[in-house]
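Have a look at the structure below before the remarks.
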Amino acid sequence: MTTATGAATAELAALLGRARAGMAFTGAGISVESGIPHFRGEGGLWTKFDPYKVAHIDTFLKEPAQYWTYSLNHRRTDAEPNPAHVALVDLERRGHLRAVVTQNTDGLHQKAGSGRVVELHGSSHAVVCLDCETRFPRAEIDRLNREHCPPSCPACGGRFLKPTVVLFGEGLPVEALRDAQSLAMAADVVLIVGSSLQVYPAAGIPRLALEHGAEVGIVNAEPTPFDDRATVVIHGKAGEILPQILSRMASA
Ligand code: APR
Ligand code: ZN
């Protein structure tokens with residue numbers, strides 16, 4: 001059990017309690033306690049698989065089977081929000097968070113009840129055909145993928161069925177990036193949870209908030225490049241730490 005030190009818990013609770021235009025910025029680490037692996041750092045997926053092979057647009061366009069075989073063997077479809085996701089919903093309901101800006105594509109913030117979620121890297125819950133642009137629910141294509149991998153488009157027979165996620169080598173959705181940038185420029189507090197903060201342009205969002213005067217709190221299992229610019233840093237498991245922060249706020 002990760003227990004944040006009393007001083008750090010009190011400091012992060014106070015920081016979040018001061019937030020009137022706060023935003024959360026989350027990464028894969030917030031979903032690890034829901035059973036979805038993260039990418040970098042200890043035990044991360046990219047220490048086992050080459051991201052260029054399974055998550056780059058160039059490879060996908062050469063051979064979609066690489067992605068769909070990886071998905072067949074590794075995609076988690078039964079993940080549920082964990083206490084960290086729920087804590088962010090609580091912070092939003094108390095008026096301390098305006099939105100969650102996430103790099104995750106798992107939809108767990110929405111499933112937990114967050115009202116405003118900006119998905120910088122898209123969503124893995126839909127699939128689009130690159131030939132006829134028809135969109136399908138992911139579950140339907142996963143079913144096809146189990147019958148025949150890689151799946152072909154039910155509408156046109158095309159071979160490029162792509163999840164609506166941002167692969168390496170692709171740009172971010174313009175509207176999501178614009179939303180995230182305006183939230184960051186207006187933020188008084190940014191709570192960063194479960195990100196190695198190594199992937200741009202996404203990691204530029206908390207940087208933008210800092211440059212516009214926001215205070216930053218970080219909850220992450222390992223040190224990040226932003227730790228020295230944060231007001232408060234707690235290293236540990238988000239699903240254990242965030243509920244402690246919320247109960248500290250409740251008793252304040
Ligand atoms: N609680 C808090 N932090 C955790 C936990 C946990 N239970 N488990 C792991 N972490 C931390 C890891 O130590 C790591 O620093 O979460 C961080 C996750 O970092 P990454 O795996 O790099 O994930 P992320 O920052 O979201 O990656 C950004 O890279 O591969 C692309 O598109 C993908 O959106 C992803 C982007
Ligand atoms: Zn098609």
Side-chain angles (χ1 to χ4, degrees), residues 1-2 4 24-57 64 70 82-85 87-88 100-106 108-109 118-124 127-136 140-141 144 150-173 176 180 191-206 217-227 233-245:
M1 176 78 176
T2 312
F25 180 83
T26 66
I30 199 171
S31 296
V32 165
E33 289 153 273
S34 297
I36 300 177
H38 62 300
F39 300 101
R40 294 172 192 80
E42 199 180 320
L45 277 177
W46 298 156
T47 62
K48 298 169 194 152
F49 295 96
D50 175 356
Y52 186 78
K53 287 209 168 64
V54 293
H56 197 289
I57 187 66
Y70 169 82
N82 69 61
H85 296 99
L88 296 189
V100 176
V101 174
T102 188
Q103 302 168 94
N104 300 340
T105 64
D106 56 33
L108 290 182
H109 287 300
V118 179
E119 292 178 311
L120 287 174
H121 292 160
S123 167
S124 59
V127 174
V128 64
C129 170
L130 300 186
D131 291 316
C132 69
E133 295 182 5
T134 311
R135 293 168 83 99
F136 305 91
E140 182 183 336
I141 305 304
L144 293 178
S152 43
C153 174
C156 76
R159 42 192 298 262
F160 297 105
L161 283 171
K162 181 179 164 294
T164 53
V165 300
V166 176
L167 296 176
F168 286 109
E170 288 192 289
L172 270 56
L191 173 62
I192 299 174
V193 186
S195 180
S196 64
L197 298 168
Q198 290 177 32
V199 173
Y200 284 81
I205 295 302
I218 299 176
V219 175
N220 201 58
E222 294 168 76
T224 80
F226 280 49
D227 282 9
V233 178
I234 301 178
H235 290 149
K237 292 184 173 182
E240 297 173 357
I241 290 167
L242 287 180
Q244 290 170 25
I245 305 297

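Read the numbers this way: they start at 1 and go in the same order the structure lists the ligands and their atoms.
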State, without any angle test, whether S123 and T164 hold a side-chain donor-acceptor pair at a distance under 3.5 Å. no

Is a side-chain donor-acceptor pair under 3.5 Å present for S195 with Q103? yes

Structural part of [X] in contact with ligand 1, heavy atom criterion under 4.0 angstrom:
X: E33; answer: side chain
X: H121; answer: side chain
X: N220; answer: both

What pair of heavy atoms forms the shortest contact from E42 to H38, and how long is it? O-NE2, 2.8 Å

Can K162 and E170 be counted as an ion pair, charged N to O under 4.0 angstrom? yes

Considering only heavy atoms of [X], which atoms of ligand 1 have at least one such atom less than 4.0 Å away?
X: V32; result: 8 (N), 9 (C)
X: G236; result: 1 (N), 2 (C)
X: E222; result: 12 (C), 13 (O)
X: S196; result: 15 (O), 17 (C), 18 (C), 19 (O), 20 (P), 22 (O), 25 (O)
X: G27; result: 26 (O)

Among R40, E119, E42, which residue places a heavy atom closest to atom 29 (O) of ligand 1?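 Among R40, E119, E42, the closest heavy atom to atom 29 (O) of ligand 1 comes from R40.
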
Going from OG1 on T102 to CD1 on I205, what distance comes out if it is rounded to the nearest 0.5 angstrom?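 Reported to 0.5 Å precision, the distance equals 12.5 Å.
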
What's the shortest distance from [atom] to any protein heavy atom, and which residue and atom give it?
atom: atom 3 (N) of ligand 1; value: A221 N, 3.1 Å
atom: atom 35 (C) of ligand 1; value: F39 CE1, 3.7 Å
atom: atom 26 (O) of ligand 1; value: A28 N, 2.8 Å

Angle in degrees, rounded to 10°, that SG of C129 and SG of C132 form at the Zn ion (ligand 2): 100°

Any idea how H56 and F168 line up, ring-wise: parallel (<30°), tilted (30 to 60°), or perpendicular (>60°)? parallel

